[in-house]
Amino acid sequence: MGRWRDEGDVREARRTGTAVAARAGLVARGVLYFLVGTLALRIAVADGGEQADRGGAVQELAHKPFGHVLVWAVGVGLVGMALWQLSEAVFGAAGPDGRKVRKRSASAVRSVFFCVVAGSVIGFAAGERGSGAGSTDEKSRDVTARALDWPAGQWLVAAAGAVVAAVGVWMVTRAATRAYRRELRMAMMAPVTRRVVDVLGVVGGISRGLVFAAAGTFAVRAAVTYDPGQAKGLDDTLRTFAGSPAGPWLLAAVAVGLALFGLFSFTMARWRAF
């Protein structure tokens, strides 16, 4: 009995720690997406020179009152996100299929991604101004250029771009079908809250997916043309929406959607089941 009780206490402590890390990470993600959406909206409305990506969001946050503290808080929150994903990769996620290899592998990839993002933001907070505020456009072109020089580099870049584009399509589908509801404690929400969450989840998720799909498509184009300049980071990808037949209106719509996804991340932090 004692051994079972101890194991139960360990599982409960791990679940509690995971929930705290996850909620902190979701809030941090929400802050970044909300700021990116705001910066992109400025570009659409005033054709501003802001950098609508993670670097621009970190710089924008740093200029706010208590900005240095806020940047540190976002960096620590992203560390929590990475730890949450690592926990799901090692122990499995909640739900009947949480221990499947596919789910755990995806969590492992997300953990590595958020480790890199957290490191860049914390580096900026610690005074390394070229880290968290670096342009994702430049990084995308540099990474693509190096990858194209590898053996079978074109195929690797094309495959990576196709995966990113496919993830974008998956995000759009998931948002449109409201699949996120399975991860939320919907029964605990008031009817008005459920409607608000659905607006944020659907509009925000579709906008986020469109950006991912576009970025992946540009990476595939860079591989086909053997031109690293065709690869685009978040800022350049968003600006291409303004060059569409719909003009700045499309960029404005996507920008509002990204800001709404930031708000949706806050609702995830509040209502997600663990």
Side-chain angles (χ1 to χ4, degrees), residues 20-85 110-140 171 200-201 203-205 207-208 210-212 215 232-239 241-242 251-270 272:
V20 171
R23 297 188 198 286
L26 288 167
V27 169
R29 186 184 72 174
V31 170
L32 292 180
Y33 268 101
F34 183 82
L35 290 175
V36 168
T38 301
L39 292 170
L41 187 59
R42 288 184 197 169
I43 294 172
V45 173
D47 195 23
E50 292 94 342
Q51 184 179 309
D53 56 11
R54 183 180 67 248
V58 170
Q59 288 188 9
E60 181 78 4
L61 191 63
H63 292 148
K64 302 295 183 185
F66 307 103
H68 187 68
V69 175
L70 293 175
V71 173
W72 269 108
V74 168
V76 172
L78 292 171
V79 171
M81 178 72 88
L83 292 175
W84 169 36
Q85 295 302 317
R110 286 193 292 265
S111 176
V112 172
F113 171 77
F114 281 111
C115 275
V116 173
V117 175
S120 68
V121 174
I122 290 175
F124 180 86
E128 299 174 13
R129 296 307 184 198
S131 55
S135 170
T136 57
D137 301 322
E138 293 178 3
K139 291 176 182 177
S140 296
M171 288 176 176
L200 298 177
V203 178
S207 298
R208 181 185 181 220
L210 289 175
V211 173
F212 269 74
K232 299 181 185 296
L234 178 56
D235 181 65
D236 273 354
T237 298
L238 287 170
R239 290 176 188 271
F241 287 108
L251 174 56
V254 173
V256 170
L258 291 178
L260 292 181
F261 183 79
L263 298 179
F264 177 68
S265 290
F266 298 153
T267 67
M268 290 282 286
R270 171 64 179 86
R272 199 183 194 285

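We number each residue from 1, following the sequence as shown. Nothing here was measured: the structure is a model prediction, and the numbers come from that model.
- Taking OG1 from T237 and CG from L251, the interatomic distance works out to 11.5 Å, rounded to the nearest 0.5 Å.
- Going from atom CZ of F264 over to atom CZ of R208 covers 9.5 Å, rounded to the nearest 0.5 Å.
- Side-chain atoms of V71 and V74, non-hydrogen and from C-beta on, never get closer than 4.5 Å to each other.
- At least one side-chain heavy atom of I43 sits less than 4.5 Å from a side-chain heavy atom of R239.
- Listed here is the closest heavy atom pair of S207 and A253: OG-O, 4.2 Å.
- Between F266 and L26, the closest side-chain pair of non-hydrogen atoms is not below 4.5 Å.
- Applying the ring-ring contact (aromatic ring centres under 6.0 Å, His included) rule to F241 yields no partners; only residues at least two apart in sequence or on another chain are considered.
- Residue T38 holds its OG1 atom at 14.0 Å from OH of Y33, rounded to the nearest 0.5 Å.
- Partners of A259 under the side chain to side chain contact (heavy atoms under 4.5 Å, CB included) rule, at least two apart in sequence or in another chain, are F34.
- In this structure, the side chains of L39 and L238 stay at 4.5 Å or more apart for every pair of heavy atoms.
- Residue pairs meeting the salt bridge (charged side-chain N to carboxylate O under 4.0 Å, His left out) criterion with at least one member in residues 62-85, sequence neighbours excluded, are E60-K64.
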Throw together a table of side-chain donor-acceptor distances under 3.5 angstrom for residues 77-84, partners on residues two or more places apart or in other chains.
from: W84; atom 1: NE1; to: E88; atom 2: OE2; distance (Å): 3.0

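- For the pair W72 and I122, the minimum side-chain heavy-atom distance is below 4.5 Å.
- Between the CG atom of L263 and the CE atom of M268 there is a distance of 14.0 Å, given to the nearest 0.5 Å.
- The two residues A252 and A44 have their closest heavy-atom pair at N-CB, 3.7 Å.
- Sorted by first and then second residue, the side-chain hydrogen bond (donor to acceptor under 3.5 Å, both in side chains) pairs with a member in residues 255-269 read R29-S265; sequence neighbours excluded.
- The CG atom of L70 sits 5.0 Å away from the CG atom of L61 when rounded to the nearest 0.5 Å.
- Considering all non-hydrogen atoms of both residues, G233 and S140 come closest at CA-OG, 3.4 Å.
- The side-chain contact (heavy atoms from CB on, under 4.5 Å) with V121 is formed by just one residue from the set V58, V76, V116; it is V58.
- With sequence neighbours excluded, the residues satisfying side chain to side chain contact (heavy atoms under 4.5 Å, CB included) with A57 are L32, L35, V36.
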